[in-house]
Novice: 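Take this structure first; my questions come after.
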Amino acid sequence: MKKNYNNYFEINTKTLTFNLLSYLLRILLMSVGIALLGNYIVQIFFENYNIETVNAFVEIRTRLFLFNAVIIFIIQIWFTSLLGNILVSSLMTLLLSVLFGFTNGQKALFRSEPLFPSDLLMVKDLPFMINSLEESSAKLLFSLLISILVLLIVVIVGIKKWRKSHPIKFKQSKRAVRLLLFVFSSIGLIQLLSFHNPGNPFKEGFVEVGYAEWQPHSQIYNAHRNGPIAAFLYTMSGDVVAKPEDYSQEYIKRIVDKYNGRADETNLTRPESMEDINIIYVMSESFSDPMKIKELEVEKDPIPFTRSMMEDYSGGSILSQGYGGGTANIEFEALTGLSLETMLPGMTTPYTQLASKMNKIPTMLSFLPEDYYYKTAIHPHHTQMYRRTEVYENMGFDEFLYNETMAHTDKIENNPFISDGAAYQEVIEQMEKTDKTDFIHLVTMQNHGPYSGFYSEIKNSVSGDTDLAEVSGYIQGLTYSDQTMEEWIAKLEQFPEKIVVLFWGDHLPSSYGDTIINKNSLVTKYETPLFIYSNYTEVQKDLGIISPVFFMNEIFEATNSKISGYHSLLGALQEQLPAFEKGIYVDGQKNEVVQTRAELPTETQEILYEYEAIMYDITSGMNYSKQLGFY
């Protein structure tokens with residue numbers, strides 16, 4: 001009997017088409033389910049396991065929830081197209097969701113900010129960050145990861161056994177489907193990576209379809225309001241500073257001429273040279289003033305000597321850029337005079353994102369007489385965090401001393417971090433060793449959290465609605481820091497060379513908890529001690545509350561040294577706006593705190609706009625200001 005090949009071909013074509021469509025449909029349906037589950041997992045972690053809050057978000061902001069899930073859907077499709085197995089790719093996507101959600105939640109809990117893309121650059125510090133977790137959180141993360149990994153292994157083994165007994169049909173055609181999915185998902189991922197490009201469909205979609213509302217000054221708001229994934233995308237890197245509408249060489253020249261002229265006037269009364277003055281920056285880890293915290297009762301002042309230094313010399317407080325962390329950002333502002341307030345949301349950690357540009361940015365080092373100063377950075381910890389090795393080299397430091405190269409690495413009892421006393425001794429020996437005037441930038445580690453179990457004896461009574469073991473350990477660490485500071489200053493008093501020290505705390509610890517912190521003012525949450533000491537001349541000034549970007553100006557004033565046009569601009573801004581960060585502006589004219597630029601006087605806004613234009617020129621523009629001799 002003659003076979004009907006036309007009917008045979010038609011039947012097999014229909015079968016092939018049906019199987020391929022079925023295969024594609026299974027992938028799409030499974031991916032939709034995984035995307036919704038993955039996004040729900042992310043939000044559960046971010047909202048600190050508050051299911052009611054997450055369910056309310058899903059109900060009230062359904063479109064935003066779905067739009068966040070679309071991002072996971074694209075990633076899931078991309079994994080499936082690469083691996084060719086929906087079960088394995090689903091488990092990988094869930095594993096990624098757990099990691100992203102848990103990390104996001106922990107950062108929000110301890111730092112009051114969500115996860116940023118720049119945080120991924122610190123993956124080498126994962127062991128250090130895990131050690132910093134509370135024991136319960138670390139156990140939960142470990143259990144979840146082990147469970148998913150075990151399930152992944154079981155699925156892979158099961159699939160291999162199944163495939164041996166069930167040969168795969170339509171293999172070539174399935175590859176074509178996978179290739180199609182790979183192309184479309186890859187296009188989606190490329191669009192996600194260019195989130196801030198004009199006309200980006202995802203960024204426009206979040207607003208037009210999901211009704212997202214972005215607040216550039218508050219990423220934690222964006223994460224709660226629009227979803228953690230949306231907030232993560234919103235902080236993708238783009239330009240450093242928004243381009244001013246009237247940016248041009250002529251406009252920058254007008255600013256340069258204006259403030260170079262003012263600098264010349266200031267310098268007429270500043271005859272001193274800095275060539276023989278050792279300058280020491282001390283940024284003390286988590287050093288703050290517990291006596292300012294409302295609803296926290298501390299039996300006795302843990303920092304009496306520091307308080308006396310603030311009263312007897314130039315003293316005040318700083319408005320920190322971070323809460324519970326963000327050390328490198330405060331350090332960046334202090335060394336450069338460039339404020340993160342003016343930067344776009346995607347620029348979250350300049351040290352990691354601008355490391356290669358540091359040699360083009362004005363810093364305290366670039367204003368020191370080159371032939372006279374030996375410049376040393378000291379950080380008693382390892383070098384991976386924030387790409388400090390590369391940053392310090394590009395800034396112009398001659399030497400970077402860290403935990404493995406320091407001569408002094410003593411610790412206090414069970415505290416795993418090198419003590420302040422060891423770090424201060426390193427500073428003195430470095431000054432004795434060099435044959436030039438020294439600029440030393442010290443970033444301490446002693447008071448890095450967590451704090452419970454560090455010390456055998458707690459010598460100060462603490463009460464309040466907080467984790468008393470954590471807070472008591474932290475305050476005991478402050479006491480040791482204060483005592484060590486007194487001993488160090490006594491040694492500097494006898495040092496045969498001129499010295500000026502600028503000391504400040506980088507941020508508050510996160511140990512107080514939301515219950516207490518929420519009963520304090522917004523400024524209190526970001527306010528830490530500051531003083532300037534000199535062993536050769538009187539420096540006494542009420543510094544009030546200032547931002548770290550103004551530190552250079554205070555050093556030049558304390559040493560009666562000449563300034564550049566760049567510092568003249570900073571000085572004019574400091575008069576009008578002595579302290580400012582995103583969402584917090586201390587109005588110098590009215591001596592009050594406002595939360596938006598629009599609430600500031602017109603004159604202040606104009607100077608802030610000039611400052612922002614110079615920042616754009618330096619970081620993203622043509623750097624006309626440097627060519628014109630502004631710095």
Novice: Give a yes or no on whether the ring-centroid distance for Phe100 and Phe232 is below 6.0 angstrom.
Specialist: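 That pair passes the under 6.0 Å test.
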
Novice: So, for Tyr402 and His379, is the gap between ring centers shorter than 6.0 Å?
Specialist: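 No; His379 has its ring centre 6.0 Å or more from that of Tyr402.
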
Novice: Does a donor on one side chain sit under 3.5 Å from an acceptor on the other, for Asp276 and Thr437?
Specialist: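 Short answer, no.
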
Novice: Quick one: which of Ile545, Thr306, Ile318 gives a side-chain contact (heavy atoms from CB on, under 4.5 Å) with Leu530?
Specialist: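 Passing option: Ile318.
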
Novice: What's the shortest heavy-atom distance between Tyr611 and Val549, and which atoms?
Specialist: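 Minimum heavy-atom separation between Tyr611 and Val549: OH-CG1, 4.0 Å.
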
Novice: Where do Asp371 and Lys436 land on the salt bridge (charged side-chain N to carboxylate O under 4.0 Å, His left out) test, with the steps shown first?
Specialist: CA-CA 9 Å; Asp371 295 335; Lys436 289 185 175 183; over 6 Å; no

Novice: Can you pull out every salt bridge (Lys or Arg N to Asp or Glu O under 4.0 Å) where at least one residue sits in residues 471-495? Sequence neighbours excluded, please.
Specialist: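 Residue pairs with at least one partner in residues 471-495: there are none.
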
Novice: Should the pair Lys525 and Tyr323 be classed as cation-pi, given the thresholds of under 6.0 Å to the six-membered ring centre and 45° from the axis?
Specialist: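 Yes.
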
Novice: Are a donor atom and an acceptor atom from the side chains of Asp410 and Ser419 found within less than 3.5 Å of each other?
Specialist: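 No, no side-chain donor-acceptor contact under 3.5 Å.
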
Novice: Whether the Glu399 and Thr376 side chains hold a donor-acceptor pair (N or O, under 3.5 Å, no angle test) is what I'd like checked.
Specialist: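 Result is no, nothing qualifies.
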
Novice: Ring-plane angle category for Phe630 and Tyr259, please: parallel below 30°, perpendicular beyond 60°, tilted otherwise.
Specialist: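 Perpendicular, since the angle between the ring planes exceeds 60°.
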
Novice: Run the side-chain hydrogen bond (donor to acceptor under 3.5 Å, both in side chains) test against Tyr373 and tell me which residues pass, sequence neighbours left out.
Specialist: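 None.
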
Novice: I want to know whether Tyr392 and Phe400 have ring centres closer than 6.0 Å.
Specialist: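 Yes.
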
Novice: Applying side chain to side chain contact (heavy atoms under 4.5 Å, CB included), name anything that partners Ser461, two or more places apart in sequence or on another chain.
Specialist: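 With sequence neighbours excluded, Ser461 shows a side chain to side chain contact (heavy atoms under 4.5 Å, CB included) to Glu299, given in chain and number order.
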
Novice: Main chain of Ile303, side chain of Gln483: is a donor-acceptor contact present, judged purely on distance under 3.5 Å?
Specialist: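 No; zero donor-acceptor contacts below 3.5 Å.
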
Novice: Do Gln446 and Tyr480 have a side chain donor and acceptor closer than 3.5 Å?
Specialist: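 Judged by distance alone, the side chains do not pair up.
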
Novice: Under a 3.5 Å cutoff, is there a donor and acceptor pairing between the side chains of Ser481 and Asp420?
Specialist: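 A donor-acceptor contact under 3.5 Å links the two side chains.
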
Novice: How about Trp504 and Phe287: are their ring centres within less than 6.0 Å of each other?
Specialist: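 No, too far apart.
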
Novice: Scan residues 561-575 for pairs that pass side chain to side chain donor-acceptor pair (under 3.5 Å), counting only residues two or more places apart or in two chains.
Specialist: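 Matches after skipping sequence neighbours: Glu554-Gln574, Thr559-Ser561, Ser564-His567.
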
Novice: Which atom pair, heavy atoms only, marks the closest approach of Phe332 to Leu338?
Specialist: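 Taking every non-hydrogen atom into account, CE2-O, 3.6 Å.
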
Novice: For Met622, does the CE atom sit with more than 12 other heavy atoms under 6.0 Å from it, leaving out its own atoms?
Specialist: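 At most 12 heavy atoms, drawn from other residues, nucleotides or ligands, come within 6.0 Å of this atom.
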
Novice: Go through the structure and list residues passing side-chain hydrogen bond (donor to acceptor under 3.5 Å, both in side chains) with Glu557, not counting sequence neighbours.
Specialist: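 Glu557: side-chain hydrogen bond (donor to acceptor under 3.5 Å, both in side chains) contacts with Lys541.
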
Novice: Could you walk me through whether Ile440 and Tyr281 pass the side-chain contact (heavy atoms from CB on, under 4.5 Å) check?
Specialist: CA-CA 6 Å; Ile440 298 178; Tyr281 272 19; over 6 Å; no

Novice: According to side-chain hydrogen bond (donor to acceptor under 3.5 Å, both in side chains), who are the partners of Thr524, at least two apart in sequence or on a separate chain?
Specialist: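 Thr524 satisfies side-chain hydrogen bond (donor to acceptor under 3.5 Å, both in side chains) with Ser521 once adjacent residues are dropped.
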
Novice: For Thr336, run the side-chain contact (heavy atoms from CB on, under 4.5 Å) check against Met395, Met364, Met615 and tell me which one passes.
Specialist: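 By the side-chain contact (heavy atoms from CB on, under 4.5 Å) criterion, Thr336 pairs with just one of Met395, Met364, Met615: Met395.
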
